[in-house]
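Quick caveat: nothing in here was measured; it's all calculated off a predicted structure. Order of appearance sets the numbers: ligands from 1, and atoms from 1 within every ligand.
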Amino acid sequence: MIQNIKSKKTILGILACTNIAIIMFTVWIGICQVRQDEWVMNLKIPVSGINGSLQTLVYLNCILMTITNYQIGTKLSIFSIVLSLANISRAIFGSKNYVSIPGFFNCFLQLLSIVILSRQFRIRENKRITDRVTGLGNRYGFEEVLSRKLDLRKNGSILYIHLKGIMQANIDLGRNYGDELLNIVAKRICSVLEENGTAFRISGTEYAIILLNGVNPQAVSRDLLEEIEKKIVITINETPRNCYLNGVIGIVKDFGKEENIETILQHADIAMNFAAKSFNEKICIYDEEVKNQVDRRNQIERLIKESLEKDYFYLEYQPQFLIDGKILRGFETLCRMKLPDGTLISPSEFIPIAESSNIIIDLDEYVIRKALEQFKNLCNEYGDSITLSVNVSAKGIALPDFPNKLLEIIEKADFPRECLEIEITEYSLSDSPSQTMKNVEILRANGVKLALDDFGSGYTSLAQLLHIPVSRIKIDKSMIENIDSNQTNKDFVKTMIYLGHLMKCDVIVEGVEDYNQYDLVRDFSGDLIQGFMWGKPQSLEDTVRLCSEYLVNNK
Ligand code: C2E
Ligand code: MG
Ligand code: MG
């Protein structure tokens, strides 16, 4: 772009210099004519004819300058034509050379046509850099303003706002109402900015803001989010409807320190995407650490895809025991990633990354298929005295065709469905609660058990929790980590076990590592435990061995 601007400036310079040279030449011819120099007197073509042709050349250059850059080109063109006019006026009024009068009018017409041409260019240019829906500048406008600021060595901050909820509004209400929402957001952004910056709409759901130097970008971002997330009421067929939108913001501070516009835009994108994928941060300021985290996330994302293709994932199974009598009840399937060089990547790192994109859906399916295949023989051998639990992500369980797909996989694998338990996290119910509830009901009606993982993590209201149709709840290990030293945790676990029983569920407590924890869980009437004390996640071979040890005795 900068290259382009430079070459345009060069062309304008050449054309303007040519014009001045031509006009000077005509002035010189005029002087020679007044002096009645011999060479002028002997010319076969009349001087007025030569001047007319040269003026046409000046006019042609003026058109080219206006086309090249209508803003600077128009000014240079007007300057050239006014110079010509002055020269012709001098001939008419100074030298009483009345043959130049038609040339004088000609120049006026040329001036008028350049002004009209320039106006048309301005209208076209405004259309090119303006967003049709909101009337704000669009991506081209934004990049042009920013590169001009960089050229002028100005400083400030860039904010990229990503709006969430517009796609859904387009689906639910139609595109016209979606556009209305975008318009309202644009107005709200401008009302927050006042004179502190300029807003642009750079894509369907993204706005960019150039903040003036000295304005605090974090404070403005907070105000912007507050304003954007306020209720929006739009009227559809005379009925008011409440709409809510969310936003995340990526910030690049001190853009003037950067060499080129591409780097600034890339940093703003990185910061905005980081905020979009973050669970708790809605505003992200670009810095080296953010960049490193994004690089790592991208690397893990690539590795997940590669691992799915090349089968670098393997499964481990962690036993679950009835707390009374240490009776083996089943296993939780836990996914592991091992790269060809032996590096192990923890699920605590790769699962949240997979969950922040749609790869988790493929990963869930991969684990279900593999686990059913590996466990089928054990289930056939021990019947429903053994349960295989498989984790399914919030995104996976919210898919409308999830139950059908799962039942199809179970059928294909010839797996006894009464041996299968699906673990969903409490968080699953916060995103698309109605579809998730529907899917849970379908699975339950088809004989698949359901457990609620991370129970008590606080994503669901108590009223909603009491009506979730699951038969088992799991209390996370973080709850019992300090249970013997922390009275609050102790009371919390006791209450959650009580609540679980109110919901007519069995309660599994995860992460039990020692007898102190075990004793407390038993005192609180917990039903099952899953923890390192009685069994770590282990290979399929060890799992088969454990089954033969425990289940033969219990058969
Ligand atoms: P989760 O489903 O709550 O699984 C229990 C986690 O607690 C496992 O960690 C397990 O190894 C760990 N754990 C169990 N008992 C103890 C203990 O006594 N002490 C300690 N320190 N840890 C214990 P892991 O395997 O690292 O998995 C972490 C999370 O990753 C899981 O939490 C689950 O949310 C997710 N995950 C693992 N595999 C899958 C999968 O196949 N699909 C999906 N969607 N998520 C998975
Ligand atoms: Mg789990
Ligand atoms: Mg858990």
Side-chain angles (χ1 to χ4, degrees), residues 279 300 304 307-308 312-321 323 330-338 344-375 387-399 402 406 409 420-428 431 436 449-457 459 470 472-484 493 496 500 507-518 520-521 526 528-539 542-543:
F279 274 109
I300 297 283
I304 298 172
S307 302
L308 281 172
Y312 296 156
F313 286 118
Y314 68 94
L315 304 182
E316 285 191 333
Y317 300 93
Q318 186 178 20
Q320 300 169 334
F321 293 93
I323 203 160
F331 295 83
E332 175 174 9
T333 313
L334 294 162
C335 184
R336 305 285 178 250
M337 189 199 274
K338 189 176 182 184
L344 276 172
I345 296 176
S346 157
S348 316
E349 183 172 16
F350 71 77
I351 293 284
I353 292 171
E355 276 173 344
S356 67
S357 72
N358 281 338
I359 325 173
I360 191 67
I361 292 166
D362 296 334
L363 182 59
D364 280 348
E365 191 178 326
Y366 173 96
V367 172
I368 294 171
R369 283 184 194 281
K370 198 161 185 156
L372 298 199
E373 193 50 49
Q374 292 190 339
F375 230 79
T387 300
L388 172 71
S389 288
V390 184
N391 291 288
V392 171
S393 65
K395 274 195 180 145
I397 189 73
L399 292 176
F402 179 79
L406 179 68
I409 296 173
L420 182 64
E421 180 172 80
I422 295 296
E423 278 187 23
I424 58 166
T425 63
E426 198 190 308
Y427 170 70
S428 307
D431 239 11
T436 301
K449 292 178 224 142
L450 280 125
L452 193 64
D453 215 351
D454 302 335
F455 181 66
S457 52
Y459 284 105
V470 294
R472 211 148 286 100
I473 62 166
K474 297 187 78 175
I475 296 177
D476 191 62
K477 66 175 189 302
S478 58
M479 290 292 144
I480 71 146
E481 247 155 27
N482 313 313
I483 195 171
D484 24 358
V493 170
M496 284 199 288
V507 180
I508 305 185
V509 181
E510 283 187 294
V512 178
E513 291 184 349
D514 56 47
Y515 272 98
N516 283 343
Q517 293 169 339
Y518 169 84
L520 282 169
V521 172
L528 298 126
I529 62 165
Q530 176 184 336
F532 289 179
M533 188 179 92
W534 280 349
K536 290 192 171 180
Q538 58 193 14
S539 66
D542 291 341
T543 302

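Here the closest heavy-atom approach between residue Asp453 and residue Glu510 is recorded as OD1-OE1, 3.5 Å. Shortest non-hydrogen contact noted between Glu421 and Ser389 is OE1-OG, 2.7 Å.
Of the charged side-chain nitrogens involved, none lies within less than 4.0 Å of a carboxylate oxygen, so that Glu481 and Lys477 do not count as a salt-bridged pair.
Around the Mg ion (ligand 2), the protein atoms of type N, O or S that sit closer than 2.8 Å are Glu332 OE2, Asn391 OD1, Glu423 OE1, Asp453 OD2.
Contact annotation: the side chain of Lys370 never approaches that of Phe313 to less than 4.5 Å [non-hydrogen atoms, C-beta and beyond].
The residue from Glu332, Gln538, Lys536, Gln530 that alone fulfils the side chain to side chain donor-acceptor pair (under 3.5 Å) condition with Gln318 is Gln530. Put simply, the residue from Leu315, Asp364, Thr333 that forms a side-chain contact (heavy atoms from CB on, under 4.5 Å) with Val390 is Thr333.
Under the 3.5 Å distance criterion, the side-chain polar atoms of Gln517 are matched with a main-chain donor or acceptor of Glu513. With hydrogens and angles disregarded, no donor-acceptor distance shorter than 3.5 Å links the side chain of Tyr427 to the backbone of Ser393.
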May I have the N/O to N/O pairs between ligand 1 and the protein that fall below 3.5 Å, each with atom names and distance to one decimal?
from     : atom 1 : to     : atom 2 : distance (Å)
ligand 1 : 2 (O)  : Glu332 : OE2    : 2.9
ligand 1 : 2 (O)  : Asn391 : OD1    : 3.2
ligand 1 : 2 (O)  : Asp453 : OD2    : 2.9
ligand 1 : 3 (O)  : Glu510 : OE1    : 3.4
ligand 1 : 15 (N) : Gln318 : NE2    : 3.0
ligand 1 : 18 (O) : Phe532 : N      : 2.8
ligand 1 : 19 (N) : Glu513 : OE2    : 2.6
ligand 1 : 21 (N) : Glu513 : OE2    : 3.1
ligand 1 : 25 (O) : Arg336 : NH1    : 2.9
ligand 1 : 25 (O) : Arg336 : NH2    : 3.0
ligand 1 : 38 (N) : Cys335 : N      : 3.1
ligand 1 : 44 (N) : Asp364 : OD1    : 3.1

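In this pair, Trp534 and Phe321 present their aromatic rings perpendicular. The plane angle is above 60°, beyond the 30 to 60° band.
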